[in-house]
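See structure below.
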Amino acid sequence: MRNTAFIQAALPLVALVGVTSQAHAGGLSVARFGGEHGHPTTYNPTALYFNPAGIAGSEGLHVFLDGTFAYRGVGYEHRDDPTGPAAPYNVPEPAGAEGANFGKATLLNFVASPMIGATYRIGPVALGAGFYVPFGGQASFSKNSAFESGSPYAGPVDGVQRWYIINGTIRSDYITFGAAFNIEDRVMLGATGNIILSQIDSLRARTGTGDNSVDFEGRAWLEAHGVQGSLGVGALVVAIPDMLTFGLSYQARPNIRGGMKLPGTLHTNFGGSSSDQEVDVHQDMADILRFGMSARPTSKLELRLSADWQRWSALETQCIGARDKACVVDADNTLPPTDADGNPNDVIQNLPREWNDTFGVRVGASYWPTEKIEVFGGLGYDSNAVPDKTLDPSLLDFHDVSIGAGGRFQLTDWLHLAASYTHFIYVPRDTEGKAGQATDYLTPTKNSTPSTGPDAGGKYSEFLGAFNVNLEFSYDFFGKKDEPVPAPPKPIVPPAPAPPKPKPAPAAPPPAPAPPPAPDPVPAPTPAPDAPPPGTAPAPGAPPVPGTAPAPGAPPP
């Protein structure tokens, strides 16, 4: 059993490293924290990466806890093509090792990536800090079951892709500090400083001559770590308050002008002989320009558009050289026999990349059916950074379309919960006869052996789904959070004079009292026969008529 002890010792160590997945935004970009709310016009703490000006748009204290949980599947099929351009560089499989170098390799990994950030604004000034993983990838391929037992060859059990990766991680963790200034709630300016912790852990099959000979197969395990710095700047312009906002930001490369050097150790085992060598890994990452806009045509609807350009052409090579020595590689990724000082070239292994710049665009929308519930979704596209010539199973990239949806819920006045799912649809690639690492870096006049490797051509496919969950705590110690914006004071206008009160109508006279009932009429006395007619005086000397008054002056009777 060849190299079994070294393989068994190295695998557990490499399997433990790495916590991030290739949830692509082009190249090695994996910045999906915040879900649909991670964009260049956001005000939450993810703005520390997407646009630092945005932290000046919040009020009080904000704490953001975010987790992205992804499942990822990869398929790689490497076929034997006796007439292809790489055929002369494929060593025939020995008897008993049929299928060791040709066939299909698969990967199914579940990984998680955290993000934590906090911002605080008082007056026009906002400060913030965060930790997150914007660049990286991790992979652990399945075993080749045909070689799991009973085979005299230990190496092929790690799959046909093992010449480029068995297990591995490449990752850059960011610790960010930022500040921003708010000018009248119309213009916001921000900047960040980043401390970058970069690492590479990679285990692969290797021979001393760089071919794919099963008989002389060994292992090379690289572990390297380094610290870099970078800057980010951004601006937000509120064109129409509460309706239209524009954002622009820039993230510089690690070490700003580029060029990363990661000190590490290369552990090798060839033919049963193990060695450890102190090395430096020279590589680069992209700088990124982002643009975004958000519009609110109604109080219940927000529309978003964002785009980015990433300069992955900065990643020309991953060169492994002797510690503290120059890693001299020509523009065509071949190696001159000596360095610039005429000394023997100290390049141990060179991995040509020659990546391309990428761009991406995304549209999204949010709708509030109630004041405390938001539903959102988005659709995006990202271009591919890796050319066919240098595509291999260790670092994959595809043209992709992503679709995401989720919701955000107000649990209390100071706590929000958001959850979403994004699915990435990758365009499969077939590089058979196009991959150049086995052929294109063999130049007869130059010592290019460290840049060559087994043929990586084949059919590549990938699927990925990412769940994002985050909690946002917000509190304004000065009582401004979530208060309604006061309306502007109304001009003081003297009150109009009150209309004159109408004079009261004169009181109606009391009703006249009803006349007393008339007494019953007294019947008139019946006059005597000889009585004078009524109304005449009695004759003189005549006796008074009974019942009548005597005439005036008449003597009493």
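Because only heavy atoms are used, hydrogens play no part in the values below, and waters and symmetry mates are left out as well, while side chains stay in.
Using a 4.5 Å cut-off on side-chain heavy atoms (C-beta onward), Glu316 and Asp284 make no contact.
Considering CD1 of Ile170 and CD of Gln318, their distance stands at 5.0 Å, rounded to 0.5 Å. For the atom pair CG of Asn470 and OG1 of Thr46, the computed distance is 8.5 Å after rounding to the nearest 0.5 Å.
The backbone N or O of Asp158 sits nowhere less than 3.5 Å from a side-chain atom of Asn144 that would complete a donor-acceptor pair. With Glu93 contributing its side chain and Ala100 its backbone, the two residues share a donor-acceptor pair below 3.5 Å. A donor-acceptor pair under 3.5 Å links the side-chain atoms of Ser249 to the main chain of Phe50, judged by distance alone. Between the side chain of Glu148 and the backbone N or O of Ala146, no donor-acceptor pair lies under 3.5 Å. Within the 3.5 Å criterion, the main-chain N or O of His37 finds a donor-acceptor partner in the side chain of Thr42.
When the salt bridge (charged side-chain N to carboxylate O under 4.0 Å, His left out) test is applied to Glu278, the partners found at least two apart in sequence or on another chain are Arg323. For Asp66, there are no salt bridge (charged side-chain N to carboxylate O under 4.0 Å, His left out) partners, not counting sequence neighbours. Residues that satisfy the salt bridge (charged side-chain N to carboxylate O under 4.0 Å, His left out) test with Glu354, not counting sequence neighbours, are Lys389.
Ring pair Tyr132/Phe33 is tilted by interplanar angle, where 30° to 60° counts as tilted. The aromatic rings of Tyr421 and Phe467 lie tilted to each other, with the angle between the two planes from 30° to 60°. Ring-plane geometry between Phe398 and Tyr426 is classed as tilted, the angle between the planes lying from 30 to 60 degrees on a 0 to 90 degree scale.
Exactly one of Asn194, Asp287, Leu289 qualifies for a side chain to side chain contact (heavy atoms under 4.5 Å, CB included) with Gln251. That residue is Asn194. Residue Arg429 forms a salt bridge (Lys or Arg N to Asp or Glu O under 4.0 Å) with just one option from Asp388, Asp397, Asp392, and that option is Asp388.
Between the side chains of Ser402 and Arg362, at least one donor-acceptor pair of N or O atoms lies under 3.5 Å.
Between Trp163 and Tyr76, the gap from one ring centroid to the other reaches at least 6.0 Å.
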